[in-house]
Amino acid sequence: MPIINGTVLFNKENHGDGLKKALELKPQEIIMEIRESGLKGRGGAGFPTGTKWMLAAAAISEKKFVICNADEGEPGTFKDRVLLDEYTRLVFEGMIIAGYAIGASKGYVYLRGEYRYLLNKLKSEIDKMYSENQLGNNILGSNFHFDIEIRLGSGAYVCGEESALIESLEGHRGEPRNRPPYPVNTGFMGYPTIVNNVETFAAVPVIIFKGAEWFEKIGTDRSKGTKLISVSGDCEKPGVYEVPFGTTINEMLEMVAAKDTKAVQIGGASGICVPKSEFGRNISFEDVSTGGSIIIFNKDRDMLQVLKNFMEFFVEESCGQCTPCRIGNIKLLEGVQMIERGECSMSYLKELIELGKTMQIASKCGLGQSSPNPFIAIMTHFENEIFTQW
Amino acid sequence: MNAKILKRAPVSQQRQIIDKDSKADIGNIVEIEINGKDFKVPLGVTILEACRSNGIHIPTLCYHEDLCIAGVCRICVVEVEGMKTLQASCAYPITNRINVWTSSEKVRKARRHILDLLLSEHYGQCYTCHRNNNCELQTLAKEYGVDFFRYGHIQERRYSVDRSSFAVIRDMDKCVLCKRCVRTCIDLQEVGVLEATYRGDRTKISTFMDKPLADVICINCGQCINRCPTAALKANDPSDEIWEAIDNPEKHVIIQTAPSPRASIGEEFGLPPGHSMTGELNTALRMIGFDRVFDTNFSADLTIMEEGTELLLRLKKKLVDKDDNIKLPQFTSCSPGWIKYIEHFYPDYLDYLSTCKSPQQMFGAILKTFYAELHNIDPANIVTVALMPCSAKKFECNRPEMRSSGYKDIDYGLTTREMAQMIKEAGLNLPELPKSNFDDPFGEASGAGLIFGATGGVMEAALRTVYELVTGRQVPFQNLNIEVCRGFEGIKEASILLTEVKPEWSFLEGLELKFIIAHGTANAKKVMEMLIRGELDDYHFVEIMACPGGCIGGGGQPIPTSPEIRKKRAEAIYKEEMELSVRKSHENPHIKFIYEKFLTDGPCGHISHKLLHTHYVRRGRYID
């Protein structure tokens with residue numbers, strides 16, 4: 001799997017003593033630094049990390065928690081796996097810095113069940129950090145205490161949603177909570193909690209080491225830094241790439257040597273399907289936002305089958321809690337199957353697209369809010385292709 | 001905006017209350033705009049509460065006043081300006097100025113879609129459904145003018161109906177997954193029999209390992225039935241068998257009616273809660289064809305005599321004989337839901353329970369022995385029906401211990417809802433019927449028996465008798481109304497001082513009789529934990545009812561239920577009680593008669609022990 005030398009995370013020259021430097025700062029100074037860097041959540045939603053930390057830091061509580069969301073379950077996304085595997089220290093350092101910044105002394109890594117093979121490696125890294133006084137009591141002489149514990153998920157996609165993740169971490173059925181209140185106020189066991197993506201944490205020590213100003217120069221106006229992109233599908237060089245925000249889809253396709261591309265799915269199953277006519281768009285929070293994946297479809301792919309695959313995934317993975325997501329996804333899938341059999345009228349298709357729009361605004365969490373995306377996008381962009389098949 | 005977690009439901013469904021000292025707090029009042037109009041609402045109330053208190057209707061399905069918030073059905077979504085998605089109004093606490101639209105185009109469309117989706121998976125048809133005309137899903141469909149199944153309609157069953165339980169039938173094909181039953185069972189009652197299993201479209205409310213309800217630790221309280229918006233949960237209805245018995249001329253069919261159904265059955269006929277229908281109900285039952293209509297309050301009086309005597313005997317054994325094996329406080333045993341609860345959850349503490357059967361079962365035992373003898377009827381031909389506010393009574397009458405007459409003491413337990421159905425089937429409109437009295441000899445009862453229906457009633461009735469037995473004086477409360485026993489506080493504690501006692505009770509002189517009243521098994525659990533911690537060592541008597549509010553909130557009562565409705569029903573009972581001439585169990589002339597003629601060795605004597613007392617089963621939490 002080729003890993004292209006990136007400018008932030010994949011450039012080892014940037015991996016300095018961010019942790020040591022951070023612990024010499026005041027917590028507020030770290031938060032200011034992160035805010036100034038413009039770092040936004042790498043999980044996909046793009047919430048400003050500094051703001052999240054500030055909210056958690058402001059919450060008054062005897063206990064607070066830091067959670068690293070390593071439940072990387074979005075189809076086509078595998079960049080966190082690479083970070084955890086090859087840049088483990090960076091992730092843990094980010095968590096420690098976050099704990100220091102918000103006043104938490106315990107961190108959890110919620111590791112995707114399917115990544116169990118990484119468990120021993122992560123554990124031994126943690127042990128090593130304890131022996132090097134980078135975890136535990138009085139970290140690097142700073143008087144700051146922090147522990148990290150790894151918990152395994154059990155294979156539910158929805159547990160990547162932060163409140164469902166917290167439920168699962170507490171030992172309950174992984175179901176998203178009502179928001180507000182948000183985890184920064186009422187999170188794990190009812191205490192203020194920040195949940196950040198693996199990649200977000202990994203960026204933190206680099207930002208502290210190199211400075212917000214340096215980081216802020218990379219990327220676009222509203223999307224700072226770089227993004228790890230897991231590239232899969234019809235191309236010659238699939239893998240994990242680190243590209244600055246603002247990189248266009250065309251540039252990406254060229255980089256990975258993709259030919260005859262008809263469409264790309266950006267951000268996994270729940271992301272956006274971009275047809276060829278829009279390949280000039282760029283990867284950034286203001287344009288095509290992504291949690292970190294591109295799936296490439298060339299001219300031979302049947303988009304209806306692509307869609308069916310996605311919908312089967314959502315039917316399987318909906319937690320079943322709220323009505324729009326639980327029943328809506330199955331209706332969309334049935335719609336795809338009806339189209340396949342040539343039994344779907346155009347008026348019913350319209351009803352389904354309307355249903356998709358309701359799901360986007362009425363579902364309880366991000367899963368149901370984004371699961372109709374591929375349906376709506378593919379039915380809009382590839383209507384001709386799909387309906388001329390028979 | 002710190003939220004406090006109040007209950008131990010699945011955390012995702014806990015009601016989260018926003019702290020009043022939040023920084024966004026502007027004098028505890030927030031100005032918001034709803035549908036373009038300004039309103040002032042208390043900080044932290046939900047959009048739904050804010051709307052309802054201002055007369056703005058928002059449809060709901062998973063929301064229930066008694067339960068913690070779920071926010072899962074999404075039917076109550078509203079538009080909050082500036083937010084990308086619609087918000088579930090039941091779950092959205094107001095902490096700052098927001099503009100809310102409760103029926104914008106987006107909102108109406110979304111609600112209609114959600115309804116269409118729910119209907120597409122809701123198996124069955126309204127005219128073959130016992131919740132026809134009292135179904136929240138049906139009401140919503142009507143409200144939103146649903147006239148076709150936009151996304152289809154399921155044609156085949158997906159699950160089989162669980163009829164294993166004597167009390168509760170579960171038909172998961174009618175379930176809309178609102179999780180009210182889950183929240184009722186886990187959070188309101190803290191029993192925890194039901195939970196969602198599987199996920200996505202296969203999500204289903206299950207028992208442990210999907211076992212039949214009869215094989216899990218269900219206490220049969222039926223609170224889930226009362227809160228189910230559809231017919232997914234219902235009581236096990238014996239009315240066909242009862243009709244059959246009525247139609248059989250060889251059978252002598254006797255019905256006893258408990259106090260609570262009278263206070264609530266009017267609701268089934270369109271009356272507002274709080275109308276007592278005692279006289280009308282008697283007439284209806286005779287017109288239906290019951291051979292005798294008796295009053296459970298009679299056996300409630302009998303219970304008081306037995307249970308009160310049992311308490312005094314325990315006190316004597318403990319205080320005079322210094323018998324350490326005697327357990328105090330004595331817990332009441334009228335509520336079969338509570339009995340099954342303690343058998344499952346606290347099997348080591350069964351000795352604290354009074355050995356008295358419930359009034360229902362005492363009556364059955366008397367009917368098939370004393371009454372049969374008195375009227376020269378073959379007990380094999382007597383069919384005893386009990387009209388109860390309760391689903392657990394259906395289980396209770398089927399307990400193997402409950403055959404001390406040599407027959408099944410009570411043949412059928414019938415709920416208020418089922419009774420109303422029978423009355424309707426007989427073509428009667430209850431509120432229009434003339435009033436009539438109960439039949440002799442078990443028709444006259446004291447008011448003490450009547451108030452058994454509300455939480456605290458058994459305690460109040462017992463105190464009236466025990467105090468007077470011991471001191472020879474009336475309880476020192478105005479109009480005999482022991483107010484400390486009344487009201488809906490979860491756990492009530494009080495005491496009464498015994499002074500100038502009769503000589504035979506001299507060992508009780510100066511005793512402060514301490515008692516506790518709890519309703520709902522969540523509160524029962526708290527009391528049991530107090531007992532285990534030794535905090536109840538100096539208490540003497542504990543009344544526990546499994547259902548919130550006591551029997552008036554029972555699992556067989558009319559649907560819907562709410563704190564307000566239960567309050568009205570209780571008021572009706574207390575009001576009726578004030579109008580009765582005899583208000584103390586021991587003054588009931590028929591009680592005196594039965595102890596003279598039949599239970600000749602007195603309360604807690606040999607005969608009563610055989611017929612009116614029982615024993616309990618160590619069930620435990622783990623069932624094979």
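Below, all heavy atoms of this structure are taken into account, side chains as well, without hydrogens, waters or symmetry copies. Numbered from 1 within each chain, the chains take letters A, B, ... in sequence-line order.
With a 4.5 angstrom heavy-atom cutoff, A:Ser61 does not touch chain B via any of its atoms. At a 4.5 Å heavy-atom cutoff, the contact between A:Gln369 and chain B is made by side-chain atoms alone. Only the side chain of B:Tyr92 comes within less than 4.5 Å of a heavy atom in chain A; its backbone stays farther off. Contacts of B:Thr203 with chain A are made by side-chain atoms alone, with heavy-atom separations under 4.5 Å and no backbone atom involved. Heavy atoms closer than 4.5 Å to chain B are found in the side chain of A:Ile330, but not in its backbone. Neither the backbone nor the side chain of A:Ala164 comes within contact range of chain B, judged by heavy atoms closer than 4.5 Å. Heavy-atom distances place no part of B:Glu79 under 4.5 Å from chain A, backbone and side chain included. In this structure, no portion of A:Phe314 lies under 4.5 Å from any heavy atom of chain B. For B:Ala88, no part sits under 4.5 Å from any heavy atom of chain A, backbone or side chain.
No side-chain donor-acceptor contact under 3.5 Å links B:Arg199 to the backbone of A:Glu317. Remark: side-chain polar atoms of B:Tyr198 are not paired, donor with acceptor, to backbone N or O of A:Gly320 under 3.5 angstrom. Counting only distance, with no hydrogens or angles, the side chain of B:Arg74 and the backbone of A:Ala362 share a donor-acceptor pair below 3.5 Å.
At most 12 heavy atoms of other shown residues, nucleotides or ligands fall within 6.0 angstrom of atom CZ in B:Phe208. Around the CZ atom of A:Arg222, the shell of radius 6.0 Å holds no more than 12 heavy atoms that belong to other residues, nucleotides or ligands. The number of heavy-atom neighbours closer than 6.0 Å to CE of A:Met346, taken from other residues, nucleotides and ligands shown, is above 12.
Of all residues spanning residues 104-114 of chain B, those with a heavy atom less than 4.5 Å away from chain A's heavy atoms are B:Lys106, B:Lys109, B:Ala110, B:His113, B:Ile114, arranged by number.
Highest contact tally toward chain A, considering only B:Ile75, B:Leu177, B:Val77, is held by B:Leu177 [criterion: heavy-atom pairs under 4.5 Å]. Top candidate by heavy-atom pairs under 4.5 Å with chain A, chosen from B:Val176, B:Leu117, B:Leu118, B:Asp201, is B:Leu117. The candidate from A:Gly174, A:Ala156, A:Gly335, A:Pro324 with the greatest count of non-hydrogen atom pairs under 4.5 Å with chain B is A:Pro324. Note: B:Ala196 leads B:Gly152, B:Ala196, B:Ala91 in heavy-atom pairs under 4.5 Å with chain A.
A:Ile327 places a side-chain heavy atom less than 4.5 Å from the side chain of B:Ser120.
Here CD of B:Gln87 is found 9.5 Å from CG of A:Asn178. Values are rounded to the nearest 0.5 Å. With rounding to the nearest 0.5 Å, the separation of CD in B:Glu121 from OG1 in A:Thr323 is 10.0 Å.
Between B:Lys179 and A:Glu175 there is a salt bridge, since a side-chain N of the basic residue sits under 4.0 Å from a carboxylate O of the acidic one.
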Walk me through whether B:Arg150 and A:Glu351 qualify under salt bridge (Lys or Arg N to Asp or Glu O under 4.0 Å). CA-CA 8 Å; B:Arg150 191 189 308 259; A:Glu351 293 279 14; 3.1 Å; yes
